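Remarks on the structure that follows.
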Amino acid sequence: MLCFTACYVIALVCEFAALWAPWATRRWNRLARVVSATAGLVAHTWFLGQRVAGTPQAPLTSHQDWYLLAAWVVALVYLATKFYRAQSSLGLFLMPVVLALVGAAQFASSAPLATFQAPRLWGRVHGVFLMLGTVAVLLGFLAGLMYLLQSYRLKRKLTVQGGLRLPSLEWLERVNSRALIAATLLVGGGFFTGVLSRLSHTNEHNFIPWADPVVWSLLAMLVWLVLAEVLRLVYPAARQGRKVAYLTMAAFVFLLFVLLVTMSADSLHMASPSDAAVLPRLPAAWLGEMF
Amino acid sequence: MLLQMIGCDHHQAGLEVRQQLAFDGSQTRAALAAWHRQFPATELALLSTCNRVELYAAAEGEDSAPAAEELVASLLNFRQLPQEQLASQVQTLTGSEVVRHLYRVTSSLESMVIGEPQILAQVKQAYLHAHQLGCTGPLLHELFQSALRTAKRVTGETSLHKHRVSIPSVAIADLASCVFETFDDKHVLVIGAGEMAEETLRYLRDAGRAQIHVINRSAERGRELAHTWSGTYHAWDELWDQLVRADLAISTTSAGQPVVTGADYAQRVTPHRHQRPLFILDLAVPRDFEPSIGEDPGVYLYSLDDLDHACEQNRQARAAELPAAEKIVAQESSRFVAEINHRATTPVITGLRAGLERPKTAELERLFRRLPDLDAASQAEIRQFADRLVNKMLHPPLESLRDASQNGPPHGLLDALKRLFHLED
């Protein structure tokens, strides 16, 4: 874990260095970023592979794994941008998110999730959907943030030259819209697979604990995402410009709320006494079988 | 070997003189062919752009090279210009000055707009013209190829060319591209038919295939502009509808007061655009768009002053890159001059080597005759010993020649070596 975190830190340092680096050194700086990110991803993949080898249901068996897998996906996106949009400073925004997710994994519980409560397939689909939904919300948030920053610079006629090169407003708006659509579908998919997994139980667990803070916070987020999509469909102004950015930023606030609830879900999650007896630290419902 | 350059650029000569001296493609070919007949032992290349006319000449021997005055006379005679008036405005460079000058020209350090990229293609073209006519040889080939390499180094290792300095290029490439990912499907509204609008459309056309819509009070001029750029002309009363549809608006009218007021925009355009981004280039003086329009959330309004400010910043950024570019030019030109000077020492080096090889071979043959029992391995070992001895003996004089070549042709050293080792010319 230290190995890939160090690689990502080097990539981030290179991203900052690129802001002031002389022109002649930029090619080397870019190479350093690609090499360090690739090395980080290889180490990260190996780490997750080890987890899978050790725990068959990994890499979504604990909060820690879940954060690490989300970080891996964002790191992959970061590496792709080094080839797809090599000249832009997207890494300055993506890499801190990667490191934040790795950092969150450090503090997250490594206790196994309650995967025994539901069929294995549903649990995995549920976890993957929610993890990818989270990544979509994060990417949408970053695109929104960059949109507002780029718009601010253009409005105030701030110099466009210099190291910080942001993509065009048109591109950011497109990424923002697509991230919002993807987040709605993925979080919706995650929620409903969670419901299905719960209902597929044959024992006393086949009920939906609506009072569970994780369940209702996730539901609130899903409702917000659906409302945002409906708003974009019926109100043209919400399809373009800053409003899309504001919508994705609001989705990010919901995401933060859900994650905070999830982090403290041991005491909040509604679990039956029998479950509690089996699992001394019943984890939150974000991944694995949440219902 | 003699390298010469005669010509003038925007530093020495005014536009009138440069126009008189300028050569187009066919004139360049005709002139080179004529000069090649006149100076058959001389390699020639002619670089003619709007800012410079320069004739490059190279000859292996100084005796076979034409004098600079002859070249100036040929240049002026071809254009049928009076020598008495213009000869003083023609610059003459020789030797390493020519190398340095061509490197600076190709790297765009001598351009009117420093860092402009067109000069590189113009230098390539000049060499190609000369090469196709058989006017070039190994000297000019080396010189021009190394100049192009130097320019590529300057482009790759400095950001000199990255900072645009003309208003249309900054408007489109630096600013509008921050709003739009592509211009291919964009609705571009041109209000007025000023020169700056045309310049901007030229850059825009290079950036993508935008749909161009022209609005002008004079229908005739508006239609003409629309036709030139394969666009559509609209009557003046369609201004508000077109502003609602536009992605990019370029305004260059000569109206004495704003054509679009803040109140009109807020009332007739804002409600229909739903905050869709509109990038406005107000290139008119006085302004066509009231500054308050820029406060609309979806509007990015840039006036001529804003663009000029951005250009000035880019000019400063270019100036900051100049020392690095000059350093590359200095390095490369020194290297080229040293190589050319060193090349002049080749006959002496060959003579030196031959002068030592002959006794070595004779002595080896004598030795092997006196020791007939030596096996093949021993003979090979002795031959290797002799080769190494010769190479080691040659090393100090060759190093001295190489070092001396850095500062010009080492005539003194060459003469001394010739006398010491009885080398023939």
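The structure presented is a predicted model; accordingly, all values stated were derived computationally and were not measured. Lettering of chains follows the sequences in order, A, B, ..., and the numbering in each one begins at 1. Because only heavy atoms are used, hydrogens play no part in the values below, and waters and symmetry mates are left out as well, while side chains stay in.
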With a cut-off of 3.5 Å and sequence neighbours excluded, list every side-chain donor-acceptor pair involving residues 74-83 of chain A.
unit_1   : atom_1 : unit_2   : atom_2 : d
Tyr78(A) : OH     : Glu15(A) : OE2    : 2.6
Thr81(A) : OG1    : Tyr78(A) : O      : 2.5
Lys82(A) : NZ     : Glu15(A) : OE2    : 2.8

Query raised in the report: What distance do Glu170(A) atom CD and Phe279(B) atom CZ have between them, rounded to the nearest 0.5 Å?
Result: 13.5 Å
Query raised in the report: Would one find more than 12 heavy atoms of other residues, nucleotides or ligands at under 6.0 Å from atom CZ of Arg202(B)?
Result: yes
Report task. To the nearest 0.5 angstrom, please state how far the CD atom of Glu295(B) sits from the NZ atom of Lys155(A). Result -> 8.0 Å
Requested in this report: Compare all side-chain heavy atoms of Arg276(B) with those of Glu173(A) and state whether any distance is below 4.5 angstrom.
Outcome: no
Requested in this report: Taking the side chain as every heavy atom from C-beta outward, state whether Leu169(A) and Phe180(B) have any atom pair closer than 4.5 Å.
Outcome: no
Report task. Work out which heavy atom in Ser168(A) is nearest to a heavy atom in Ser177(B); give both atom names and the distance. Result -> CB-O, 3.4 Å
Query raised in the report: Around His187(B), counting heavy atoms of other residues, nucleotides and ligands shown, do more than 12 lie under 6.0 Å from its NE2?
Result: yes
Query raised in the report: Is it the side chain or the backbone of Asp247(B) that comes within 4.5 Å of chain A heavy atoms, both, or neither?
Result: neither
Query raised in the report: What distance do Gln150(A) atom CD and Tyr300(B) atom OH have between them, rounded to the nearest 0.5 Å?
Result: 8.5 Å
Query - Shortest non-hydrogen contact from Leu175(B) toward Leu154(A) - result: O-CD2, 4.2 Å
Report task. With sequence neighbours left out, write down each residue that passes ring-ring contact (aromatic ring centres under 6.0 Å, His included) with His234(B), or none if nothing qualifies. Result -> His213(B)
